[in-house]
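Chain identifiers are assigned alphabetically (A, B, ...) following the order of the sequence lines, protein sequences preceding nucleic acid strands; residue numbering begins at 1 within each chain. A quick note: this is a predicted structure, and the numbers were derived from the prediction, not measured.
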Amino acid sequence: MGSLDGIIDELDKHRLPFDFYQGADVVEVSRQLNGKILVSASQGLYTAGVIVETEAYAGESDKASHAYGGRRTGRTEIMYQEGGHAYVYLCYGIHALLNVVVNVPGVPHAVLIRGVIPFIGKQTIETRLNRKLKFPNDCYGPGKVTKQHGISTRFNGEDLVAGQNVWLADAGVYPGVMEVSAGPRVGVDYAGEDAQLPYRFIWNYMAAMEEIKKARLFQPGFR
DNA sequence: GAACGGATTGACT
DNA sequence: GTCAATCCGTTCC
């Protein structure tokens, strides 16, 4: 009852389908990813949490994107593949950042996962951090997400639809209509006027916790 | 073979 | 709120 295996099994059954990632509008996909579940199995240890912050990167026409102007290199290649794969790259030489590849082959759109409220594997996460989790502070920040969930650049190219190492699920956690706010992206001053685009989506922590409490997966005695 | 620079973080006031 | 450390991978010569 409420066993870890049972919950992971449930999250596996409710994976986001292939079609979800083929969406033509990466900004809308970015918004919709708030409330979805990030599940990872790294070093044989499961962790999972609710996504509460994302940013859209709109490929060739977006000056903030690594694929701006059709830039296609070894690093950006995965973004040109079909949606539903992970794009993980190293930032500032230290932080791995997790992106979800969106759209059809040849269209290098992606969504950066910037915030997650963890609910499975808290002990694993605290071991990785070497300290206790601090809410809500530890939930926001793209480098924090990958550290907590054991996601390194080795996860680059992972299949989110059929792979066993990392995936996304719909666990019935949905933001209220007005609860996800849009704003400019972080750390993209180099992108000129594109830095002002409202491609960043944040789900307020208190509001997210309210919705999480309501979801079936989180009811006492579930399973 | 080497320069470049960053989709950040955490410490500090 | 401000600010500097950070260091590898990517890119191009």
Side-chain angles (χ1 to χ4, degrees), chain A residues 21 25-34 36 38 40 49 51-81 83 85-103 107-118 125-158 160 166 168 180-203 205:
Chain A
Y21 301 102
D25 186 347
V26 68
V27 178
E28 188 53 30
V29 172
S30 178
R31 179 191 296 278
Q32 289 176 6
L33 279 173
N34 284 274
K36 301 300 187 290
L38 170 68
S40 106
I51 294 170
V52 289
E53 184 179 353
T54 61
E55 280 178 359
Y57 285 83
E60 302 190 6
S61 64
D62 181 356
K63 287 181 180 165
S65 170
H66 293 163
Y68 174 62
R71 186 181 187 82
R72 189 165 183 163
T73 64
R75 180 174 69 152
T76 63
E77 179 59 27
I78 188 65
M79 281 200 285
Y80 287 84
Q81 304 308 309
H85 292 83
Y87 167 42
V88 185
Y89 74 95
L90 197 66
C91 186
Y92 291 99
I94 326 171
H95 310 290
L97 268 57
L98 170 65
N99 298 256
V100 175
V101 175
V102 172
N103 218 304
V107 183
H109 289 182
V111 175
L112 172 66
I113 306 299
R114 293 188 55 91
V116 171
I117 300 178
I125 290 171
E126 293 187 336
T127 299
R128 288 173 179 155
L129 294 177
N130 200 27
R131 60 170 174 76
K132 292 287 184 186
L133 272 164
K134 287 189 279 233
F135 296 87
N137 195 274
D138 288 335
C139 302
Y140 295 89
K144 300 178 189 176
V145 170
T146 55
K147 183 171 186 182
Q148 292 178 25
H149 295 275
I151 295 167
S152 68
T153 54
R154 298 188 56 167
F155 281 62
N156 190 43
E158 285 283 342
L160 303 174
V166 58
L168 303 180
V180 177
S181 57
R185 294 171 292 187
V186 177
V188 295
D189 293 345
Y190 56 85
E193 69 272 20
D194 286 353
Q196 301 306 317
L197 294 168
Y199 283 4
R200 181 191 191 194
F201 297 95
I202 307 180
W203 193 8
Y205 179 77

Calculate the interatomic distance between [X] atom [atom1] and [N] atom [atom2]; express it in whole Å.
{"X": "Tyr140(A)", "N": "dT9(B)", "atom1": "OH", "atom2": "P", "result": "14 Å"}
{"X": "Asp194(A)", "N": "dA7(B)", "atom1": "CG", "atom2": "P", "result": "14 Å"}
{"X": "Phe201(A)", "N": "dA7(B)", "atom1": "CZ", "atom2": "C1'", "result": "15 Å"}
{"X": "Glu77(A)", "N": "dG9(C)", "atom1": "CD", "atom2": "C1'", "result": "17 Å"}
{"X": "Asn137(A)", "N": "dA11(B)", "atom1": "CG", "atom2": "C1'", "result": "12 Å"}
{"X": "Tyr92(A)", "N": "dA7(B)", "atom1": "OH", "atom2": "C1'", "result": "8 Å"}
{"X": "Leu133(A)", "N": "dG10(B)", "atom1": "CG", "atom2": "P", "result": "12 Å"}
{"X": "Lys63(A)", "N": "dG6(B)", "atom1": "NZ", "atom2": "C1'", "result": "18 Å"}

Which nucleotide in the list [options] gets nearest to the side chain of [X]?
{"X": "Leu97(A)", "options": "dG9(C), dT8(B), dT11(C)", "value": "dT8(B)"}
{"X": "Arg71(A)", "options": "dA7(B), dC8(C), dT11(C)", "value": "dT11(C)"}
{"X": "His66(A)", "options": "dA7(B), dC8(C), dT9(B)", "value": "dA7(B)"}
{"X": "Tyr190(A)", "options": "dG10(B), dG6(B), dT8(B)", "value": "dG6(B)"}
{"X": "Lys144(A)", "options": "dT9(B), dC7(C), dA7(B)", "value": "dT9(B)"}
{"X": "Thr73(A)", "options": "dT10(C), dA7(B), dG9(C)", "value": "dT10(C)"}
{"X": "Arg114(A)", "options": "dC8(C), dT8(B), dC12(C)", "value": "dT8(B)"}

Legend entry - Lys147(A) vs Ala67(A), nearer the 5' end of DNA chain B by closest nucleotide: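 It is Ala67(A) whose nearest nucleotide is closer to the 5' end.
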
Inset, instruction - Identify whether the distance between the nearest side-chain nitrogen and carboxylate oxygen of Glu77(A) and Arg72(A) falls below 4.0 Å. - result: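 Salt bridge present between Glu77(A) and Arg72(A).
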
Legend entry - Where Val100(A) and Leu160(A) come nearest, the two heavy atoms and their spacing: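 Nearest heavy atoms, Val100(A) then Leu160(A): CG1-CD1, 3.8 Å.
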
Legend entry - Nearest atoms (heavy-atom pairs only) where Ile78(A) meets Tyr87(A):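 Scanning both residues completely, I find the closest heavy atoms to be CG2-CD1, 3.4 Å.
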
Inset, instruction - Please say which of His95(A), His66(A), Met79(A) ends up in a side-chain contact (heavy atoms from CB on, under 4.5 Å) with Tyr89(A). - result: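 So the option named by the test is His66(A).
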
Legend entry - Nearest-angstrom distance, C1' atom, dC8(C) to dA11(B):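 The same atom, C1', in both gives a distance of 23 Å.
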
Inset, instruction - Would you indicate whether the side-chain heavy atoms of Val180(A) and Ile202(A) approach each other to under 4.5 Å? - result: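 No, side chains not in contact.
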
Legend entry - Beyond-backbone contact of Leu38(A) with Val166(A), side-chain heavy atoms, under 4.5 angstrom: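 A side-chain contact exists here, since the closest heavy-atom pair is under 4.5 Å.
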
Legend entry - Heavy atoms of other groups near Phe201(A) CZ, more than 12 under 6.0 Å: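 Yes - once you tally the heavy atoms of other residues, nucleotides and ligands closer than 6.0 Å, there are more than 12.
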
Mind checking [X] for me? I need base, sugar-phosphate or nothing, with any heavy atom below 4.0 Å counting as a touch.
{"X": "Arg200(A)", "value": "nothing"}
{"X": "Arg75(A)", "value": "sugar-phosphate"}
{"X": "Leu90(A)", "value": "sugar-phosphate"}

Legend entry - Secondary-structure notation, DNA chain C, from Watson-Crick and G-U pairs under 3.5 angstrom (| other strand): |||||.||||||.

Inset, instruction - Can you measure from OG1 (Thr54(A)) to CH2 (Trp203(A)) and round to the nearest 0.5 angstrom? - result: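 Going from the OG1 atom of Thr54(A) to the CH2 atom of Trp203(A) covers 12.0 Å.
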
Legend entry - Centroid under 5.5 Å and tilt under 30°, Tyr89(A) to dG9(C):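 So no, this residue does not stack on that base, at least one cut-off failing.
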
